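Not measured: the values here are computed from a predicted model. Chain identifiers are assigned alphabetically (A, B, ...) following the order of the sequence lines, protein sequences preceding nucleic acid strands; residue numbering begins at 1 within each chain. The basis for the numbers below is simple: all heavy atoms, side chains too, and nothing from hydrogens, waters or symmetry mates.
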Protein chains: 2
Amino acid sequence: MTIQDRLYQEIARKLIDALATGAFKVGDRLPAERELSAEYDVSRPTIREAMIALEVQGLVEVRVGSGAYVRRLPGKEDNPGFNVTAFELTEARLLFESEAAALAATQITDEELAELAQRVKDIALENQTEGGTEEADRQFHLAIAQATRNTAVYQAIEELWKLRRSSPESALLHAKARFANIKPVVDEHSAILEALRNRDPKAARSAMRTHLSSVLDSLLFATEEKAIEEARRAVAAKRDRYNRVSS
Amino acid sequence: MTIQDRLYQEIARKLIDALATGAFKVGDRLPAERELSAEYDVSRPTIREAMIALEVQGLVEVRVGSGAYVRRLPGKEDNPGFNVTAFELTEARLLFESEAAALAATQITDEELAELAQRVKDIALENQTEGGTEEADRQFHLAIAQATRNTAVYQAIEELWKLRRSSPESALLHAKARFANIKPVVDEHSAILEALRNRDPKAARSAMRTHLSSVLDSLLFATEEKAIEEARRAVAAKRDRYNRVSS
DNA sequence: ATGATGATATTGGTAAGGCCACTAAATGAC
DNA sequence: GTCATTTAGTGGCCTTACCAATATCATCAT
């Protein structure tokens with residue numbers, strides 16, 4: 001009746017304990033498989049199995065030829081999106097939400113149009129207040145995603161907004177960008193609403209592209225302000241390539 | 001040149017696919033490690049690694065000396081996305097992946113183009129074999145997402161493929177659709193590759209749209225076969241609206 | 001006939017060793 | 001100084017082998 005506790009599980013527990021105790025920080029490299037093999041006095045395959053258990057749980061990332069690196073610490077619930085920069089997020093929104101807007105234009109109901117109109121007013125209000133949030137903005141865009149009548153589309157776009165929240169640095173950057181770009185935002189949202197009201201897919205797509213391109217530009221400006229030269233250059237390069245795509 | 005996609009992950013995906021397509025029921029015993037080793041033409045340690053990946057996810061339970069037993073079917077618990085139909089998924093891919101292809105056209109490297117060429121060959125091979133999987137197809141599309149150099153875009157598209165696998169009914173429908181639409185798939189993928197090779201964003205977007213529209217049509221056909229009238233009508237309506245969007 | 005017992009086959013568990021591919025840092029050539 | 005090359009070090013995967021737990025079934029005592 002001896003339960004043959006699987007060895008790899010025991011090793012995996014020990015490794016997780018080691019992470020939890022703070023022996024390693026995020027980004028640190030774990031010892032090589034051969035070293036761990038000697039340290040815990042088990043074979044390398046067993047170490048590999050334990051490592052896979054950790055990898056499946058998102059705790060570590062294994063890079064071929066380099067080693068195993070800590071991705072997140074145990075106890076912290078998963079943040080699937082990691083090094084997603086504010087620029088990447090907005091670029092993704094530009095691609096996806098523009099298409100969603102086009103699709104929504106063919107499906108949207110009068111009730112949803114009324115809701116969107118209210119959201120536009122909310123956005124104007126938010127912008128007038130000093131420490132305003134971006135909640136109305138978020139709801140505006142999610143409502144459009146909802147109007148596509150496609151669960152997969154909605155979930156994907158919702159996921160992008162979650163990613164935006166998960167990165168503090170990203171949120172900060174967005175806040176600065178919003179500050180530098182207040183008035184146009186209201187007009188741009190109105191333009192999107194107008195296109196949807198006319199059930200015009202192409203116009204809706206175009207208006208959404210214009211809006212998010214504007215946000216992208218704001219991000220560029222904010223990034224320059226932060227004087228992170230490296231990031232600025234990378235972003236600028238990306239901006240150029242985007243212009244080629246959407247032209 | 002060979003992407004060191006970890007072999008155990010590939011095997012794990014195939015096993016999960018097998019579970020999703022209904023090859024096994026809850027409580028069933030999976031083939032022995034040695035059998036699976038021969039079946040998938042990999043070593044036993046690799047099978048063990050894949051099995052551990054499934055075990056950590058709670059899909060199977062391994063009993064020493066007896067075998068591995070199905071604990072639950074994939075896609076029930078872990079995915080918040082539930083009622084995502086095969087049509088919705090493909091429609092979302094049509095919207096998103098087309099834009100991703102356009103973006104990738106401006107960024108793709110020669111190495112990535114070579115990899116894509118290999119994937120096209122793999123897809124042809126997969127289609128020739130009887131019980132072929134859709135692994136090559138998946139890798140083709142994910143490679144394009146990767147070529148966008150945008151983590152957010154990649155994650156979103158990867159999420160769509162995960163959703164696809166999480167719904168057994170969806171996987172089944174796709175299998176039927178694939179059967180009814182073999183030859184064009186290879187040509188369509190070739191067309192996408194050619195557009196990317198020319199670094200032509202518009203052509204890439206167009207080729208991807210053509211491809212996924214074709215998949216959408218296959219789904220319609222398969223749905224009709226299943227004689228689910230209600231679903232068919234809903235899908236047909238959506239198809240019409242999509243034609244309006246993309247025109 | 002029936003139930004207990006033990007031999008044997010099957011299955012997963014682990015170890016050891018080997019070779020390959022990839023990575024990155026040290027080294028050398030220019 | 002810059003760039004290409006070399007060289008350890010690393011993980012990826014395979015092969016072989018043996019051990020341990022379990023399942024199966026023939027055998028035997030009742």
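Put simply, CD on E10(A) is 13 Å from C1' on dT14(C), counting in whole angstrom units. The nearest whole Å value for the distance from the CD atom in E33(B) to the C1' atom in dC18(D) is 15 Å. Note: CD1 (I11(A)) to P (dT14(C)) measures 9 Å, nearest angstrom. The nearest whole Å value for the distance from the CD1 atom in I52(B) to the C1' atom in dG12(C) is 11 Å. The distance between atom CD of E49(B) and atom P of dG12(C), rounded to the nearest whole Å, is 16 Å. dC14(D) atom C1' lies 18 Å from atom OH of Y8(B), rounded to whole Å. Between the CG atom of L36(A) and the P atom of dA15(C) there is a distance of 14 Å, rounded to whole Å. What separates CZ of R29(B) from C1' of dT10(C) is a distance of 9 Å, to the nearest Å.
Here the side chain of L7(B) is nearest to one of dC13(D), dG13(C), dG12(D), namely dC13(D). For T46(A), counting side-chain heavy atoms from C-beta on, the closest listed nucleotide (dT11(C), dA15(C), dG13(C)) is dA15(C). Closest contact between the side chain of V42(A) and the listed nucleotides dT15(D), dA15(C), dG11(D) involves dA15(C). Between dT15(D), dG12(C), dA15(C), one nucleotide has an atom nearer to the side chain of V62(B) than all others, and that is dG12(C).
Nearest-nucleotide positions on DNA chain C for A68(B) and R34(A) put A68(B) closer to the 5' end. Projected onto DNA chain C by closest heavy-atom contact, S43(A) and Y69(A) fall at different nucleotides, the more 5' of which corresponds to S43(A).
If you check every strand for non-hydrogen atoms under 4.0 Å, E35(B) touches sugar and phosphate atoms only.
Between L19(B) and L15(B), every side-chain heavy-atom pair lies at or beyond the 4.5 Å cut-off.
Rounded to the nearest 0.5 Å, atoms CD (Q107(B)) and CD (E112(B)) are 9.0 Å apart. Distance CZ/R119(B) to CG/L116(B): 8.5 Å, rounded to 0.5 Å.
When every heavy atom of N150(A) is checked against every heavy atom of E88(B), the shortest pair comes out as ND2-O, 3.0 Å.
OP1 or OP2 of dG12(C) has not a single side-chain nitrogen or oxygen of R44(B) nearer than 4.0 Å. Side-chain N/O atoms of R48(A) include one lying less than 4.0 angstrom from OP1 or OP2 on dG12(D).
Counting non-hydrogen atoms of neighbouring residues, nucleotides and ligands closer than 6.0 angstrom, the CZ atom of R199(B) exceeds 12 such neighbours.
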